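A note on names: the letters A, B, ... follow the listed sequences, proteins ahead of strands, and every chain is numbered from 1. Computed from a predicted structure; not experimentally measured.
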Amino acid sequence: MTTDILDQILRFLRDYLGIAAEADLDLIEAGVDSLRIEELGAFIELQFGVPAARLSLRDAPTPAALASWVARAR
Amino acid sequence: MIRRLGILALTAAGASLVVRWPGAIRSITLWEQASLPLGLAALAVALVPERHARGTQELALVGVYLAQRVGSVTLDAGLGPWWDLPLGLVVCLLPWARPGWRTAGIWTAVAGFAAALVAPGIFGGLAEHLLIQLLFIAAMTDGLGPRDALRYTLACLIAPRMSVPPPDALRVDREPSSLLRGGAWLLLGLTLSRLPLARRLAERDPWSALLDGDVLMGLNEAVRVTGLELLLVAARLLVLAGTLRLLGMPIRAPVDAPWRATDLLDWWRRTHAWRSVVFRAAFLQHLGGSGPFAIFGVFFISGMQHAIGEPHAWGEVAVWAALGALAAANLAALRVITRRRVARWMETGVKHTPSKLGQLAATGAVIVVQGLMLGMLHHLGD
């Protein structure tokens, strides 16, 4: 299930945010600022039904970590 | 070798510029005071073999710290008291990672601000200058080992106006070319600020003498800069950029491009890029999320901090609270709009692209709102 979530997050990063991300890419280093975190949070909420109000890239700094965070929260 | 010699020559030239004009020391900004010792520390690191770089840097930082404190006593330069290093060391040793400690620190600082607004005194001063600084350092050193935390604390204490730089500041693996560029900017800035015209400007208007990198931090100060003062701003901007480069940081670390702001919150974040990161780490993430209420809280606390000792303190707090309410409403609206755009993309695959005209209008609106707030603050000050 986590792999499926990861694929969808990577697709959003690539197609919506324009970031050619890999599973272990550091999202802050890749330019995901607070505005983009809002966009990422909105996607996670709409796609997976997980409230992303407390989403922090400190806890989930990479797409892989983010996918695990979503899988745990579901 | 040529680059190292270049760094050596630039630092020597910068040192001569500062040392040859002892009479101009009073008009030297904190950045200029810091730039020379930081340049020397960078030089020390650049000139020693890589395997000794880290130890050399720590020794250089301690040396710079001691030199600054001696300088602050003899020149009355106000670079900080002697007891800040012992306190910084205490911060490294305290178990700040425990949520209870951090929460207690935050609320003690807030209580200190409130107490100082009612009756300015030592407690307010401690809360404003010490506790917040310690909280910021604690937030930024979270997860670092004791040795790195100590180096970071030293860097914080040495560099004025950089009270809480990113933890990877003063890296030991900086490129010599970057140091060289920083040294060149610094030298140019110091030279410009020593021009007779710049010195006359600084002596004529005490306000001019205070201009430094902060003019970029927001319209608060920038609107007050006119005419030839721009020369001083340019000189001090070069000093700021050069010093940052010596620390291994680009100028966009503290100030992102404010002209690209799309709304009020984005403008604040860009003009306070550095502080935005620190606030998020020290307060918002710790107290739970970065929602509109948290944003309002940060503005309200900042308002209390700024208003301490002002003649119309509570009026100033009210203006900050109004700005916080606007920023919170801004964030709430942004979330709704963002959610709608993402939902549309998920349904249709069509992505929203902002128009230049819309962005221009948004920036204009931000400037108007900020101008109104400034007008109210100045009115209170009069």
Side-chain angles (χ1 to χ4, degrees), chain A residues 1 4-21 24-74, chain B residues 97 139-140 142-143 166-168 252 256-257 260-270 272-273 276-277 279-282 284-295 298 327 330-354 362:
Chain A
M1 186 173 67
D4 182 45
I5 295 171
L6 177 61
D7 286 343
Q8 292 185 63
I9 289 173
L10 288 174
R11 183 174 156 260
F12 177 78
L13 288 168
R14 187 188 62 232
D15 294 346
Y16 192 87
L17 296 183
I19 297 170
D24 293 326
L25 180 82
D26 187 306
L27 290 169
I28 293 176
E29 293 269 317
V32 176
D33 55 16
S34 53
L35 182 62
R36 288 178 157 190
I37 290 175
E38 290 294 334
E39 293 173 322
L40 191 55
F43 172 73
I44 286 171
E45 206 162 324
L46 289 165
Q47 184 70 24
F48 308 113
V50 174
R54 298 188 72 143
L55 173 63
S56 162
L57 291 188
R58 230 183 188 190
D59 303 325
T62 64
L66 192 56
S68 303
W69 182 84
V70 171
R72 280 198 306 274
R74 280 179 102 178
Chain B
M140 300 308 275
D142 199 5
D168 60 349
R252 68 173 179 277
D256 206 349
R260 289 188 187 149
T262 51
D263 54 56
L264 186 63
L265 201 59
D266 190 39
W267 173 82
W268 186 85
R269 188 180 62 79
R270 285 173 181 276
H272 301 76
S276 167
V277 171
F279 266 119
R280 229 174 16 247
L284 297 183
Q285 287 176 358
H286 185 69
L287 294 179
S290 55
F293 185 74
I295 294 284
V298 165
N330 189 162
L331 178 62
L334 185 71
R335 283 189 166 166
V336 171
I337 293 167
T338 301
R339 191 184 166 93
R340 200 178 293 160
R341 285 174 182 164
V342 171
R344 184 167 168 239
W345 174 79
M346 289 169 70
E347 284 170 14
T348 64
V350 177
K351 193 177 147 190
H352 169 78
T353 46

message: So, taking the atom named CE in M346(B) and the one named CD in Q8(A), what distance separates them when rounded to the nearest 0.5 Å?
response: 8.0 Å

query: For the atom pair NZ (K351(B)) and CG (L17(A)), what is the distance rounded to the nearest 0.5 Å?
result: 7.0 Å

statement: Taking every heavy atom of T338(B) against every heavy atom of A42(A), the minimum-distance pair comes out as CG2-CB, 4.3 Å

- prompt: CZ of F48(A): more than 12 outside heavy atoms within 6.0 angstrom?
  reply: yes

message: On a heavy-atom basis, which atom in E39(A) and which in V342(B) lie closest, and how many Å separate them?
response: O-CG2, 3.9 Å

